[in-house]
Amino acid sequence: MTFFSWLSMGGYAAYVWPAFGIVFSVLAYNGVNAYRNYRAILKQLRLSYETSHAPHS
Amino acid sequence: MSLWTLWYRLTSPKDFTYVASACIPWLTVSCLLCLAYGLFASLYLAPADYQQGDAFRIIYVHVPCAFVSLLIYGALTIAALTSLVWRVKLANVFVDAAAPTGAALTLLALVTGSLWGKPMWGTWWIWDARLTSELLLLFIYCGIMALKNAFPDKRQGNVFKNTFVLIGSVNLPIIHYSVAWWNTLHQGSTFKLLGPSKIAPAMSQPLTVMLLAFCLYAALVILLNMRNAVLLECHRARWVGTWLTKRDS
């Protein structure tokens, strides 16, 4: 099987590749988004934690 | 430690955050490994179907999406009941965190089913029992998400939302048995977790790996979302500061 015959998916490339593409784009977006939110929360927590524990001048 | 103490500890926001933070890296690695092998096996190793050709490969994303969308709703039902009966706060956090993941997977099951239906059935959509009940599941998920902040009184809102989850669970057996109860265009179940499957091992093995990968993915994203919610809710608690210092050191 050549690379191009595999890519053509027996003539069903227009259905198989979009199906896999859409699923993995949505899954990746959801996962990355949840992790990015976590990073943002950590940043916010550190900031509030540092200000509340800052030594009085 | 008794089972009751373990349950009590795991449902406390503090212990949950520690346990979730320990589980997340393992879940990420195992999910990525399963996905990598599952993708390779489903797109390359599995043989083409004798009738459907390579179009059948859509099964490797369609079935896991549909299966996990139902699995999440099952878990949502248990969580809603736990929240209503025992007022466990974390159960509520679970409902809020899992609903968007469930909705995304339901939508993906519908879209991939549509992409599979066009070349095989000759139509993108038909008002068949399986398709309609899965669409209803999507609407129910959207309803749960909409109810999250719909009430000014959060406690009252949670009671309403969890009752809605319980009522919506009636749809679960309907989706599962729709292909058996009605004469539908959607095929009957080819893959069974318990009992013999109607699918060849060379085709079912990649499907099992993909099912596992999607379950791990759902667990990972739900845990990430739950931890985010817990940290935001408890940001003033002393343990969050300790957890943060331990994490950074």
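Keep in mind that the numbers below use all heavy atoms, side chains included, and drop hydrogens, waters and symmetry copies. Not measured: the values here are computed from a predicted model. Residue numbers begin at 1 in each chain, while the letters A, B, ... track the order of the sequences.
- Side chains of B:Lys89 and B:Asn92: a donor-acceptor N/O pair is absent below 3.5 angstrom, by distance only.
- Residues A:Ile22 and B:Leu108 form a side-chain contact, since some pair of their non-hydrogen atoms from C-beta on lies under 4.5 Å apart.
- Between the side chains of B:Glu134 and B:Ser178, no donor-acceptor pair of N or O atoms lies under 3.5 Å.
- A salt bridge is absent between B:Asp49 and B:Arg57: the closest approach of a Lys/Arg side-chain nitrogen to an acidic carboxylate oxygen does not fall below 4.0 angstrom.
- Across B:Leu220, B:Leu107, B:Leu244, B:Leu224, the residue that shares the most heavy-atom pairs under 4.5 angstrom with chain A is B:Leu244.
- Ring orientation note: the planes of B:Tyr44 and B:Phe40 are close to parallel, at an angle under 30° on the 30°/60° scale.
- For B:Ile24, no part lies under 4.5 angstrom from a heavy atom of chain A.
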Pair B:Arg227-B:Ser21, side-chain hydrogen bond (donor to acceptor under 3.5 Å, both in side chains): steps then yes or no: CA-CA 8 Å; B:Arg227 185 175 63 177; B:Ser21 304; 3.1 Å; yes
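- Proximity to chain A (any heavy atom under 4.5 Å) is restricted, for B:Met120, to the side chain, taken from C-beta onward.
- Contact of A:Ile41 with chain B is made through the side chain alone, with heavy-atom distances under 4.5 Å.
- The contact between B:Thr245 and chain A is made entirely by side chain atoms (from C-beta outward), counting heavy-atom distances below 4.5 Å.
- Ion pairing between B:Lys154 and B:Glu233 holds under the 4.0 Å rule for side-chain N and carboxylate O.
- Considering only heavy-atom pairs separated by less than 4.5 Å from chain A, the leading option among B:Val111, B:Leu43, B:Leu39 is B:Leu43.
- Neither the backbone nor the side chain of B:Ala48 comes within contact range of chain A; no heavy atom of the residue lies under 4.5 Å from a heavy atom of that chain.
- The contact between B:Ser42 and chain A is made entirely by side chain atoms (from C-beta outward), counting heavy-atom distances below 4.5 Å.
- Comparing B:Trp243, B:Trp116, B:Phe56, B:Tyr60 by heavy-atom pairs within less than 4.5 Å of chain A, the highest count is held by B:Trp243.
- For chain A, no part of B:Arg236 is nearby; none of its heavy atoms comes within less than 4.5 Å.
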